[in-house]
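All remarks here apply to the structure that follows.
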Amino acid sequence: MGTNAKPILWIVVPCYNEEQVLPLTAPMFLQKLQDLAGRGQISGNSRVLFVNDGSSDRTWEIIRELAAQDEHYLGICQSRNRGHQNAVLAGLMEAKDRCDITISIDCDGQDDIGAMDRMVEEYLNGAEVVYGVRAKRETDSFFKRFTAESFYKLLKGMGAEVVYNHADYRLISARVLQHFADFEEVNIYLRGMVPLVGFPSATVSYDRAERLAGKSHYPLRKMLALAFNGITSLSVKPITLITTFGIGFSLIGLVFMIWAVAEAILGNTVAGWASTVCIICLLGGIQLISLGILGQYIGKTYLETKHRPRYIISARTWEPETRRYIEDDSSDPADKTCSP
Ligand code: UDP
Ligand code: MG
């Protein structure tokens, strides 16, 4: 490792039907790479990687044109539309063996590209993951802000660890991504999964702007699906809730049973009423508790099927803790330029 080796940064940009905005934002990403490299913070071999998520417009053609224009632009194309989360994952996995750090960012200019400087600084100061956090949501509609913020609270309540007001604008080191690759689940919710990997992290706040052009691909339906996926992928707490309800209903049922028997003894009821009420209360409670217990087993099976790593080692006393930067002037240029 050379003494002046600098980290190679890959900016990972998911793109779905973004022909309107891509020609505007692509040069901004490139400019940022050049600024950072010019200041000596990253290697000149850094890249912008566009992930075409099965667009039906000219997005892929634009990406190919960009790649032909400048070697710093790279593109990969998914065989079909798989959604934002999968597009980001594909890009990160593609990048992880070819760079030292990645920054994932939307291609619509909503995430402030300027925050990358602080992200890289945090990385150089020791953070392996740097979360971009929205300082304010003034440009979002009240509805979007309200639903998004309630969602973070709900997720937290459901036992999933997420960084408040953090979307998918973040820096992740290649080292963390190597471990992240061991999370083999197919239902992915990146912002909930990245914290599971651990390692030192930091946050950087930024103001979220309006889309530069084009329109959002996240209508309410997709947002709700993402929210539901977030909860069910990260937590089996909803199942535990069934058990809790079961115990609660059983206790209430017990009170009702005592009341029904008392009413029957006092002669305030028609024949057979008390016994019917007792059976309903008893069965209702037993059924919910049984469902809950079954659910606990299903929940455990569910977590087992994810084959998540059981531990991740971040350091060993017999290994130096220095970061292994991919050489700036490696003798084998094919290693790093990754020309398409
Ligand atoms: N995106 C994607 N696949 C999809 C939908 C969106 O790769 O199926 C990309 C999109 O091109 C953009 C980012 O994900 O770069 C965020 O999408 P968008 O801006 O539409 O969502 P919003 O910011 O409105 O939540
Ligand atoms: Mg957007």
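None of these values were measured; they are calculated from a predicted model. As the structure lists them, so they are numbered: ligands from 1, and atoms in each ligand from 1. Index from 1, following the sequence.
Annotation: protein N, O or S atoms under 2.8 Å of the Mg ion (ligand 2) (waters excluded) comprise D108 OD2, Q110 OE1.
The protein atom (non-hydrogen) at minimum distance from atom 21 (O) of ligand 1 is Y218 CD1, 3.3 Å. Nearest protein heavy-atom contact of atom 20 (O) of ligand 1 is H217 N, 2.5 Å. With respect to atom 14 (O) of ligand 1, the closest heavy atom belonging to the protein is H84 CD2, 2.9 Å. Counting protein heavy atoms only, atom 16 (C) of ligand 1 is closest to D106 OD2, 3.3 Å. Of all protein heavy atoms, the one lying nearest to atom 24 (O) of ligand 1 is S216 OG, 2.5 Å. Atom 25 (O) of ligand 1 has K144 NZ, 3.2 Å as its closest protein atom, hydrogens excluded (heavy atom only). Nearest protein heavy-atom neighbour of atom 11 (O) of ligand 1: E18 OE2, 2.6 Å. Atom 1 (N) of ligand 1 has Y16 CB, 3.6 Å as its closest protein atom, hydrogens excluded (heavy atom only).
Contacts between R211 and ligand 1, counted as non-hydrogen atom pairs separated by less than 4.0 Å, involve the side chain only. In P14, the parts holding a heavy atom less than 4.0 Å from any atom of ligand 1 are both the side chain and the backbone. Here D53 has side-chain heavy atoms under 4.0 Å from ligand 1, and that is the only part of it that gets that close. Counting heavy atoms under 4.0 Å from ligand 1, residue N81 touches it through the side chain alone.
Heavy atoms of R208 come nearer than 4.0 angstrom to ligand 1 in at least one pair.
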Show me the donor-acceptor pairs, under 3.5 Å and distance only, between side chains in residues 278-299 and residues at least two apart or in other chains.
residue, atom, partner, partner atom, Å
S290, OG, I286, O, 2.6
Q296, NE2, T243, OG1, 3.3

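The pair R208-D112 does not meet the salt-bridge criterion, since no charged nitrogen lies less than 4.0 angstrom from a carboxylate oxygen. The residues D168 and R191 are annotated as salt-bridged, a charged nitrogen and a carboxylate oxygen being separated by less than 4.0 angstrom. For K32 and D117, the salt-bridge test passes: some basic side-chain N is under 4.0 Å from an acidic carboxylate O. A salt bridge does not link E121 with R39: none of the charged nitrogens is closer than 4.0 Å to a carboxylate oxygen.
Annotation: side-chain contact (heavy atoms from CB on, under 4.5 Å) contacts of P23 (sequence neighbours excluded): I62. Remark: R58 pairs with E65 by the side-chain hydrogen bond (donor to acceptor under 3.5 Å, both in side chains) rule, at least two apart or across chains.
Aromatic ring pairs are classed by plane angle as parallel below 30°, tilted from 30° to 60° and perpendicular above 60°; the pair F183 and F180 is parallel.
Contact record, L33 with I42: O-CD1, 3.7 Å, taken as the closest heavy-atom pair.
Under a 4.0 Å criterion applied to the non-hydrogen atoms of K222, ligand 1 contributes the atoms 5 (C), 8 (O). Close approach to D108 involves these atoms of ligand 1, each under 4.0 Å from a residue heavy atom: 19 (O), 23 (O).
Here the rule is side-chain hydrogen bond (donor to acceptor under 3.5 Å, both in side chains) with R211, and of E18, Q20, Q110 only E18 fits it.
Using a distance-only test at 3.5 Å, with no hydrogens or angles considered, no donor-acceptor pair links the side chain of Q78 to the main chain of N52. No donor-acceptor distance shorter than 3.5 angstrom exists from the side chain of H217 to the backbone of G83, with no hydrogens or angles considered.
Not one N or O of A87 is nearer than 3.5 Å to an N or O of ligand 1, by distance alone.
Judged purely by distance below 3.5 Å, without hydrogens or angles, the side chains of Q178 and D97 pair a donor atom with an acceptor atom.
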Full working for side chain to side chain contact (heavy atoms under 4.5 Å, CB included) between S56 and N17: CA-CA 6 Å; S56 53; N17 291 347; 3.4 Å; yes

